[in-house]
Amino acid sequence: MKRLLLLVGLLPLVCFAQKTPVDYVNPLIGSAPSTTESARRHSEGASELRGQIAPAIGHPHGMTTWTPQTRATETKCIAPYYYNDPKINGFRATHWLNGSCVQDYGSLTLMPISGKLRIAAADRAASYSHAQEVVSPSYYSVELTDAHIKAEVSATKRSGLLKFTFQDKAPAYLLIEPNSDEGEGYVEIVPDRNELVVYNPVHRIYQGSGQSAGFSGYYVIQFEKPFKNFGTWEGNEIQPRSQKVKGAGNRVSVGAYVEIDITTNPVVNVRVGSSFTDAAGARTNLTSELAHWDLHKVKAQAAEAWNKELGRIAIKGSEQTKTLFYTALYHTKHTPRLFSDVDGRYPGFADDSEIHTTKGFDYYCDFSLWDTFRAGMPLHTLLEPQRSSHFMQSLVTKAEQGGWMPIFPCWNHFTAAMIGDHVASAMADAYAKGIRGFDVQKGYHYLHQNAFTPNADPKSYEAGKGRRALVSYLKYNYIPLEDSVWQAFHKREQTSRTLEYAYDDFCLSTLAKALGKTADYEALRRRALNYKNVIDPATGWARGRYANGQWSRNFDPYATRVPFITEGSPAQYTWFVPHDVQGLIAQVGGRERFIAKLDTMFEQGKYWHGNEPGNHTVYLYAYGGEPWKTQKWVRQLVEEEYSTDAGGLSGNEDGGQMSAWLVFSMVGFYPVCPGKPYYVLGSPSVEEATLRLANGKSFQLIAKKQSPKNRYIRSAVLNGKPLKTAFLTHEQLQNGGVLELEMSETPNLKWGKEVDKLSSY
């Protein structure tokens, strides 16, 4: 009887075990067209109406993740998976820059087939239902209903384990296809080892579009069971018993198939090692990370890895709040991507054809820096200082191997895909917030070269080396409308470039000062005021300007697409002066006009949250002494621009930036100016948030009486002392402690009215 009572007493613990952070993540959020009003109002083109999310199954910042595939291509702006697609045609080892309008690269697809062998994606595609999908960061499963196959996937950092259960007694096949849009894939079948070796050459986009990127996606694929039969295909032609196929570069697909005997056991297990270095690297990664066939073990290890990362912030709130928050945090942890093998080997950056070996750091790639310098990189700096030092050393290494600090390094190559020079921001911010463990002197050398030395070599400049339009910027202290930038993806956008260079110059000035380079510091500090040259004091808006000083004609500050602005309106870009907001206030005509212009942006729907340049704008009210308006609009943006359904992102995720904004904003503060070690308070959407810092300390934010109505800060107490400003330093966070916010339904117009000196230039 006592034993029975004991078992009954344990039932709640067993049946209702506490959920962990990974249990709240919904990787499908952002995989459908956006349902937000601002996306419909501001987006241009189908890709911007989507979050461009493919569910990424694997490890945080993993080299290769896995996703169900509904689109069989590596074409630019086409994600591997879309929620509304009715069929799955494979399971992809993917390097998709999650949430972006770019391309997948060096990827591989496997697809189980029951019955007749079918190789074309449209022919082999199988129906499925979202009701029969299980999707988490560590595990994916789905029933392919008309194929009568259950597919399951989990992964390590560099390897994947797939399990297919065939429910019919028909012939069971696995297709293996390198997804080379150019038709350059290679597959070799090794029957005596139950193995395949695959590679998919990577090609550049933007600068050097179509040219070789100098590396491939390599795979070693091992089956638990021997092959009953096998063969290859090229185009529509199947070659039974053929063991090798190599594409001729004629955009014709190639691949292989193996048949497995399932008469005694319907389960087929497949493990896949990946590498960017070579096939030997893929094999080493596989044997080091995945020397068994236990899917549950792989799933548990992946869940543990995710819980470690996601658990750096613990929140208290509703179940829906936790899903929104932890999914956003998950989205920030896909890139930068681990690029070096388990033994440290990796292919050299850009034109460097050597195979290198890391010393004391992991080498990362895919820095979507025009997006993530704003909040994504600062979030890594705050939560993961050691990994952030590896990020910085990876950037320094790229500069050493390529001869210039890259501007937007992706696909292990230079690009000038976007504007600005934001490695300066990421590196200055990391250093200002105590990140060491990287060669900052070498990093500064190449950042200085970017900022002061125009690249005079036409060929390498065209390839993406050096700041765009730097000659004009140095001559005029702004980029005039006459200077188009044909050697870039964005070929004009002179005003936006000027604003971003002024900010980058500020960031580099802080690094120069920290390193004792006084002359550089003074020169860069002067240049950081160049923003004034493209913000017309008469209108108070950012504006195009000719070389003779005249402003652009027929000016409409709310025009959604103008040639001198990047992906937005002049009004939206006016606010991009994060380093000197007080100077911006003066430039547009004073505090009252500044606040009125902000009011127009938000009250009249002129603000576009779905693209990055304005992500900080809502926090600028605090610099004008009205933080209660920041509190009001932050909460409204959280409620209107994000949701927990598949269309719950208001624009491209862009490497995690859209979600990084949400993570910061939900816990109650935001890094308005990376490069300065402080944050601006907003309005937390959670009841409590605890940051578990790398130094062993914790910082807790408690929002008393927080609710959808109670969104305003009535008072604030930091470690027992009143906090009178809406500004919080990085040092205060790192020291640990408790910030208590008393929330109210009505704003306290006096709290935070005093503007902290941190906001001064």
Side-chain angles (χ1 to χ4, degrees), residues 34 36-45 47-49 370-371 374 418-420 478-481 490-500 502-503 531-546 550-578 581 584-621 623-624 626 629-630 632-634 636-637 640-641 650-652 654 658 661 672:
S34 177
T36 72
E37 179 58 33
S38 73
R40 289 190 289 269
R41 185 166 56 244
H42 293 287
S43 296
E44 181 181 77
S47 72
E48 291 181 7
L49 280 170
W370 185 78
D371 313 290
R374 306 165 198 274
M418 298 302 298
I419 69 170
Y478 65 95
I479 302 174
L481 293 175
H490 292 262
K491 300 186 184 306
R492 293 184 175 86
E493 306 178 10
Q494 299 91 338
T495 297
S496 293
R497 290 183 193 279
T498 300
L499 291 168
E500 296 201 15
Y503 164 70
Y531 72 87
K532 296 181 179 181
N533 297 324
V534 291
I535 295 180
D536 179 8
T539 64
W541 296 116
R543 194 167 177 179
R545 197 169 192 180
Y546 293 96
Q550 293 184 350
W551 296 102
S552 59
R553 305 170 187 88
N554 303 318
F555 178 65
D556 177 3
Y558 304 117
T560 55
R561 291 293 191 276
V562 293
F564 55 83
I565 294 293
T566 302
E567 299 182 6
S569 70
Q572 290 160 358
Y573 241 101
T574 296
W575 312 108
F576 192 75
V577 189
V581 182
L584 175 62
I585 290 173
Q587 185 73 8
V588 303
R591 193 191 71 83
E592 290 186 6
R593 196 181 188 199
F594 176 82
I595 295 295
K597 284 177 172 291
L598 282 172
D599 288 344
T600 299
M601 295 293 296
F602 290 99
E603 291 172 3
Q604 296 184 16
K606 305 298 186 182
Y607 171 73
W608 179 20
H609 190 71
N611 206 13
E612 284 71 25
N615 277 180
H616 68 293
T617 306
V618 69
Y619 287 90
L620 298 185
Y621 280 111
Y623 296 78
E626 297 192 9
K629 289 184 177 178
T630 288
K632 171 187 174 180
W633 289 109
V634 163
Q636 188 161 325
L637 291 174
E640 293 183 353
E641 302 296 329
S650 63
N652 292 175
D654 283 326
M658 290 293 293
W661 184 94
V672 169

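From D371, atom CG reaches atom CG of N652 across 8.5 Å, with rounding to the nearest 0.5 Å. Atoms OG1 and CG, from T560 and N611 in turn, are 12.0 Å apart once rounded to the nearest 0.5 Å. Between the CG atom of L598 and the CH2 atom of W633 there is a distance of 11.0 Å, given to the nearest 0.5 Å. The CZ atom of F564 sits 8.0 Å away from the CZ atom of R543 when rounded to the nearest 0.5 Å. Here OH of Y573 is found 4.5 Å from OG1 of T566. Values are rounded to the nearest 0.5 Å. With rounding to the nearest 0.5 angstrom, the OG1 atom of T539 is 11.0 Å from the CG atom of D556.
For the pair K629 and I595, the minimum side-chain heavy-atom distance is below 4.5 Å. Within the 4.5 Å cutoff, the side chain of Q494 has no heavy atoms near those of the V534 side chain. Side chains of W661 and V618 form a contact here, defined as non-hydrogen atoms less than 4.5 Å apart.
W541 carries K597 over the face of its six-membered ring, with the cationic atom under 6.0 Å from the centre and within 45° of the normal.
The distance between the ring centers of Y619 and W575 does not fall below 6.0 angstrom.
The two atoms that bring H490 and I419 nearest to each other are CB-CG2, 4.2 Å, heavy atoms only. Nearest heavy atom pair, residue Y531 against residue L499, reads CB-CD2, 3.7 Å. Across all non-hydrogen atoms, the minimal contact from P613 to F576 is O-CD1, 4.1 Å. Closest heavy-atom contact between T495 and G544: OG1-CA, 3.3 Å. Smallest separation of non-hydrogen atoms from I565 and E493: O-CG, 3.7 Å. Listed here is the closest heavy atom pair of R374 and E612: NE-CB, 3.3 Å.
Looking at Q572, its side chain never comes within 3.5 Å of a backbone N or O of G614 through a donor-acceptor pair. Side-chain atoms of T600 come within 3.5 Å of backbone atoms of A596 as a donor-acceptor pair (strictly under, hydrogens ignored).
W370 and E500 share a side-chain donor-acceptor pair at under 3.5 Å.
Other residues, nucleotides and ligands contribute only 12 or fewer heavy atoms inside 6.0 Å of the CD atom of E592.
Under the 30°/60° scheme for interplanar angles, the aromatic rings of F602 and Y607 are found to be tilted.
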